[in-house]
Amino acid sequence: MNKADLSKQPSQVSAMFDQVSTHYDRTNAVMSVGNDVLWRVATTRTIDPHPGDRILDLAAGTGTSSAFLAKSGATVVAADFSPGMIEVGRKKYGRVRNMQFVEADATNLPFSDNEFDATTISFGLRNVVEPKKAIAEMFRVTKPGGHLVICEFSTPPNPVMKGLYDFYLKRVTPVLVKFSSSNPDAYDYLNDSIQAWPGQGELASWLRGAGWTEVKYRNLTGGIVALHRGTKPRG
């Protein structure tokens with residue numbers, strides 16, 4: 001079985017997600033204790049999709065979040081660099097007319113400048129070997145006046161909440177994934193990647209450094225997850 005590490009080599013991470021793709025959605029639901037649905041709803045409301053919009057959902061996995069966005073009538077491109085994830089996604093959502101799957105590297109997107117009304121990535125940015133480069137690429141493909149929305153695991157500001165969350169990751173998560181994942185060892189990487197990921201303020205500074213304006217973030221579930229939002233200037 002493949003387990004990625006914090007070097008985040010693209011081929012290694014892609015292979016890991018290929019191996020967990022079959023039961024990926026089920027494992028997410030179990031590990032988040034059902035909160036994945038609430039996070040998806042909050043992300044969709046922040047994106048605020050409308051009919052006619054063109055939206056890039058990066059690191060889309062099996063396309064569950066993309067299908068959620070497509071219900072608005074927007075055209076959604078579900079992009080991921082794991083062929084296994086895309087294969088599962090096409091089987092699940094291939095009949096959704098206003099949604100398409102594309103294999104893509106977040107640091108070298110196969111899209112034109114200023115192509116999307118909104119760009120989003122959920123629980124995928126921390127898996128990118130060069131996240132700042134991915135943020136710059138998302139800026140490039142987003143239209144002036146368009147938005148970026150990032151939903152990602154973060155750092156609970158309350159020390160008690162953080163302590164409980166650390167305990168959950170280290171002690172509870174390994175037990176849950178044994179019963180729900182097709183590659184339990186791969187989820188050891190989850191704890192490592194969350195612990196190493198920067199806090200809310202630092203990620204916000206990365207967005208500003210890439211040119212995004214009106215950068216804000218909102219904590220969900222006590223800061224276990226944070227929603228970051230930015231706007232591409234019109235001028």
Could you tell me which non-hydrogen atom of [X] sits nearest to which non-hydrogen atom of [Y], and how far apart they are?
X    : Y    : result
A42  : R218 : CB-NH2, 4.1 Å
M99  : G63  : CE-O, 3.5 Å
P157 : G222 : CD-O, 3.5 Å
T107 : A134 : CG2-N, 4.3 Å
A60  : S66  : CB-OG, 3.6 Å
P51  : S72  : CG-O, 3.2 Å

Exercise for review: With L69 as reference, evaluate N98, T75, D53, T44 under the side chain to side chain contact (heavy atoms under 4.5 Å, CB included) test and give the passing residue.
Suggested key: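 Of all the options given, the one that passes is T44.
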Exercise for review: Report the C-alpha distance between L58 and L109 in whole Å, list the side-chain angles of each, state the deciding distance to 0.1 Å, and finish with yes or no for side-chain contact (heavy atoms from CB on, under 4.5 Å).
Suggested key: CA-CA 10 Å; L58 193 57; L109 295 173; 3.6 Å; yes
Exercise for review: Determine, step by step, whether R229 and L207 satisfy the side-chain contact (heavy atoms from CB on, under 4.5 Å) criterion, reporting the C-alpha distance in whole Å, the side-chain angles of both residues, the deciding distance to 0.1 Å, and the verdict.
Suggested key: CA-CA 9 Å; R229 184 180 189 275; L207 299 188; over 6 Å; no
Check your understanding: Within a strict 4.5 Å, meaning less than it, do heavy atoms of the I194 and R126 side chains meet?
Key ->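 In short, these two side chains touch, coming nearer than 4.5 Å.
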Review point. Heavy-atom distance under 4.5 Å between the side chains of I55 and F116, does that happen here?
Key: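 Of all side-chain heavy-atom pairs linking F116 with I55, none is under 4.5 Å.
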Practice item. Using a strict cut-off of less than 4.0 Å between a Lys/Arg side-chain nitrogen and an Asp/Glu carboxylate oxygen, indicate whether K133 and E137 qualify as a salt bridge. Key: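 Looking at K133 and E137, the cut-off is not met.
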**Study point:** Note: D117-R54 ion pair, threshold 4.0 Å (strictly below)
**Key:**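 A salt bridge is absent here (no side-chain N lies under 4.0 Å from a carboxylate O).
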Please check: side-chain N/O of [X] versus main-chain N/O of [Y], any donor-acceptor pairing under 3.5 Å?
X    : Y    : result
D80  : I86  : no
K232 : F139 : yes
T221 : I224 : no
Q200 : T155 : yes

What's the spacing between [X] [atom1] and [Y] [atom2] if we round to 0.5 Å?
X    : Y    : atom1 : atom2 : answer
E214 : L148 : CD    : CG    : 12.5 Å
N114 : K143 : CG    : NZ    : 9.0 Å
N219 : M161 : CG    : CE    : 10.0 Å
R208 : I135 : CZ    : CD1   : 12.0 Å
L203 : K132 : CG    : NZ    : 10.5 Å
F153 : Q195 : CZ    : CD    : 12.0 Å

Point to revise | Cluster link I150 to V215, ILVMFWY, side chain under 4.5 Å | key: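 In one cluster: yes.
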Point to revise | Passing candidate, ring pair (Phe, Tyr, Trp, His ring centres under 6.0 Å) with W206, options Y217, W212, W197 | key: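 With W206 as partner, ring pair (Phe, Tyr, Trp, His ring centres under 6.0 Å) holds for just one option, W197.
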Practice item. Decide side-chain contact (heavy atoms from CB on, under 4.5 Å) for T64 and Y93; before the verdict, give the C-alpha distance in whole Å, the side-chain angles of both, and the deciding distance to 0.1 Å. Key: CA-CA 8 Å; T64 301; Y93 302 112; 3.4 Å; yes
Practice item. Take C151 and T120 through the side-chain contact (heavy atoms from CB on, under 4.5 Å) test and state the conclusion after the steps. Key: CA-CA 8 Å; C151 183; T120 183; 6.0 Å; no
Exercise for review: Give me the ring orientation class for W39 and F123: parallel if the planes are under 30° apart, tilted from 30 to 60°, perpendicular past 60°.
Suggested key: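 Tilted.
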